[in-house]
Chemist: 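One structure, pasted below without further comment.
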There are 2 protein chains.
Amino acid sequence: MGRNRATLADVARRAGLSKTAASMVLNGREGTRLSADAHQRVFAAAEELGYRPNVAARSLRTRKTATIAFVSDIVATTRFAGDLIRGALDAARERDHVLLITETQGDATFEQYAIEAMLDRQVDGVIYAAMATRRLTVPPAILGGPVVLLNATSADDLPCVLPDDDRAGRSVAAALLEHGHRDGIALIGRNRLKEGDPEVSLAAEARLRGIRQALGEAGVTLLAESFCTEWLPEHGYAAMRGLLNRSPRPSAVICMNDRLAFGAYQALGEAGLTVPDDISVISFDDDPIAAWLRPSLATTALPHEQMGRRAVELLLDGAAAGPVLVPMPLRRRRSLAPPAG
Amino acid sequence: MGRNRATLADVARRAGLSKTAASMVLNGREGTRLSADAHQRVFAAAEELGYRPNVAARSLRTRKTATIAFVSDIVATTRFAGDLIRGALDAARERDHVLLITETQGDATFEQYAIEAMLDRQVDGVIYAAMATRRLTVPPAILGGPVVLLNATSADDLPCVLPDDDRAGRSVAAALLEHGHRDGIALIGRNRLKEGDPEVSLAAEARLRGIRQALGEAGVTLLAESFCTEWLPEHGYAAMRGLLNRSPRPSAVICMNDRLAFGAYQALGEAGLTVPDDISVISFDDDPIAAWLRPSLATTALPHEQMGRRAVELLLDGAAAGPVLVPMPLRRRRSLAPPAG
DNA sequence: AGTGGTCGCTAAACTGATTTAGCAGAGCAT
DNA sequence: ATGCTCTGCTAAATCAGTTTAGCGACCACT
């Protein structure tokens, strides 16, 4: 790979100058007293030879690699990981940086290995990302340099980037109130584990808090709350069936994520009920299926791309410790209508 | 990042030996005549100091970085990209390598930039990946070293890894034949652009060919073929509605991907028809929604993780030019049944 | 004439590893 | 005593850059 690349020495020779001079010109060093003519010759030589500096050689001296480590627990299982990475890649490119990506799969051995591999390559900083918003323990090895937590917090006082689930909860509730729903609002996806253990999830508790607060301010309480062991379609399906067996029937349902909502749609379809005429549905995440459902599902979008971007910016611009909350925009879609009758 | 790391010189000093000796011991060089005692002392010193070699320094001399460039057009928009990357990460880790990932977004400027950034960092090889299986043109800059194409082919005679869409087509057709379907099989998702232009898609033509061949061998022809401008749920929905307006009604439908099948399910549900009792459905990709649908959708899985893994293996083990076809396993699920009546 | 300052540039050290060439001492044969 | 080989190790070069320290020429001023 990259054999026969021109070196700085080649450029200098062609320009009839020393390596020192060539280096200074190409780095645009201020305060050197090299003549305009010398500048010209170096630029011309570099251009003609297609010179590109060897980053390894440079970093040996400068201890900067323009490379960022992106360490996450899981990149594959959710569609969102790609957005996190894409945002980070975009911001990195804008700042002439590059991303070294690894996945730990939640395995301590893999994590240790990954972190050593990154540090051996002298990365300038680490983005430590979690795929589910949660609190985690940062491996001490990476605390020697800049670190930003992405979609996570920790006990250490580090800069971190999180989605604003609390406000998303409020906007979801507000959207239903706007449409005139009050006493018929049910919730699908309560989960004691997610709500109680910040190492499992921060989103569940924050979303619930936001929903309750907005409803509370309007003097409304939830008609029913269904508990689910997981936030998957089958659980949303079961929960919705359960709600339909009760009386009165809810006029609207909030699902804790889109996959639950997908399951709820299935149960409603089987029961012969129509969204939104019989029941409104709103949810969280903006998974691609939300737009594909018929009718399309109103939801609050996880701003993953934006978050990935912010993480890189915080890392490179030197961030103050503490959380940055990224807003989750409300996607108004066809699953909302005023309560029937 | 990584300040105060022990250097080889530190290890050598502590072991009372030269850098040369320390280097040889730590690299397990054969044929050196260093004493057992010297070995002991070097290992002990390295251990005590927590020594880890500086990859930049080493690569300056050896021209090996144990780093692979993973350049793709798009990482975010499909859920599958994650799997491709995960497979590549796993295989890379097993071989003590690390992945530098970039995304070109199909933009020539970004691509140029990304490739230069990788080459500047002296990567040992490049995996050039496409998110839709297709033929593409490889930027000449990366041909100076090892390259493997992932989910793509090119005119250059390079090793490449592709899903076996042709065989997937045959197994999809065979699954329907097994269930006794013959003259009632319809196809959703024909698309002249995808079938005709290998730079857009290789999958469409291969899947179609496989289907036709397996049906042909059984003396069966397709009852109907619906064309779609895109392979999205709304197009599957429209196509399915179209098919239901015709007579006779198909007994089974093959969809060119799961998103089309998702749309077909929606149309079937609205028409009051039941899968698989009224109509069987089978498809391609094994998108997560395939398992979430009710009833679960039979499909052939894109083996993306496996493909990512193979690409790294080919790159590092030195591959012969030409394609490696990775099988697409058939997922037998509840959307298949014998024809009604 | 001697001194000092500025201008334009370079030699050499340095980063942390690998690798080549070769040295000192021991043991043995002649 | 000499030459030879073998053992166990090291000095120094090398990779491709950055950075420090400083050199020679020229000019101005006293």
Chemist: Let me know the distance between CG of B/Leu8 and C1' of D/dA12, rounded to the nearest Å.
Modeler: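 Interatomic distance, CG of B/Leu8 to C1' of D/dA12: 15 Å.
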
Chemist: So, are A/Arg310 and A/Asp317 salt-bridged, with charged N and O less than 4.0 Å apart?
Modeler: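 No.
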
Chemist: One thing to verify: whether A/Arg93 and A/Asp90 come together as a salt bridge, which I'm taking to mean a side-chain N less than 4.0 angstrom from a carboxylate O.
Modeler: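 Salt bridge: yes.
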
Chemist: Please determine whether a side-chain nitrogen or oxygen atom of B/Arg58 lies at a distance below 4.0 Å from atom OP1 or OP2 of C/dG16.
Modeler: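 No, B/Arg58 has no side-chain N/O under 4.0 Å of OP1/OP2 on C/dG16.
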
Chemist: Atom CZ of A/Arg13 to atom P of C/dT10: distance rounded to whole Å?
Modeler: 14 Å

Chemist: Identify whether the distance between the nearest side-chain nitrogen and carboxylate oxygen of A/Arg13 and A/Asp10 falls below 4.0 Å.
Modeler: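 Yes, charged N to carboxylate O under 4.0 Å.
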
Chemist: Remember a base hit wins even if backbone is also touched, and classify B/Thr7 as base, sugar-phosphate or nothing at under 4.0 Å, heavy atoms.
Modeler: sugar-phosphate

Chemist: Taking atom types as modelled, is there a side-chain donor on B/Arg121 or A/Thr67 under 3.5 Å from an acceptor on the other?
Modeler: yes

Chemist: Round to the nearest Å and state the distance from A/Leu60 atom CG to C/dA13 atom C1'.
Modeler: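 Roughly 13 Å, once rounded to whole Å.
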
Chemist: What residues form a side chain to side chain donor-acceptor pair (under 3.5 Å) with A/Gln112, not counting sequence neighbours?
Modeler: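 A/Gln112: side chain to side chain donor-acceptor pair (under 3.5 Å) contacts with A/Glu116.
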
Chemist: In whole Å, I'd like the distance from the CZ atom of A/Arg63 to the C1' atom of D/dG17.
Modeler: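 About 14 Å, once rounded to whole Å.
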
Chemist: Please work out which residues in residues 43-56 of chain B have a non-hydrogen atom less than 4.0 Å from an atom of DNA chain C and list them by number.
Modeler: B/Tyr51, B/Arg52, B/Pro53, B/Asn54

Chemist: In whole Å, what is the span from the CG atom of B/Leu26 to the P atom of C/dT19?
Modeler: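 Result: 13 Å.
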
Chemist: Of the candidate nucleotides C/dT18, D/dA16, D/dT18, which contains the atom at the shortest distance from the side chain of A/Ser23?
Modeler: D/dT18

Chemist: To the nearest Å, how far apart are B/Asn27 CG and C/dT19 P?
Modeler: 7 Å

Chemist: Salt bridge between B/Arg41 and B/Asp37, side-chain N to carboxylate O under 4.0 Å?
Modeler: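 Yes, this pair counts.
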
Chemist: Let me have a per-nucleotide readout for nucleotides 3-11 of chain D, 5' to 3', with B, S or -, counting only protein heavy atoms under 4.0 Å.
Modeler: ----BBSBB

Chemist: Any chance you could lay out the side chain to side chain donor-acceptor pair (under 3.5 Å) test for A/Asp73 and A/Thr104, step after step, and finish with the verdict?
Modeler: CA-CA 5 Å; A/Asp73 43 8; A/Thr104 67; 6.0 Å; no

Chemist: Once hydrogens and angles are ignored, does a donor-acceptor distance under 3.5 Å link the base of D/dT18 to the side chain of A/Arg61?
Modeler: yes

Chemist: Among B/Thr102, B/Ile142, B/Val126, B/Ile68, which one satisfies side-chain contact (heavy atoms from CB on, under 4.5 Å) with B/Met118?
Modeler: B/Thr102

Chemist: With distance as the sole criterion, is a donor-acceptor pair present between the side chains of B/Asp124 and B/Thr65 under 3.5 Å?
Modeler: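 Checked: B/Asp124/B/Thr65 side chains pair up, N/O donor to acceptor below 3.5 Å.
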
Chemist: Quickly work out the A/Arg29 CZ to C/dT10 P distance and round it to whole Å.
Modeler: 15 Å

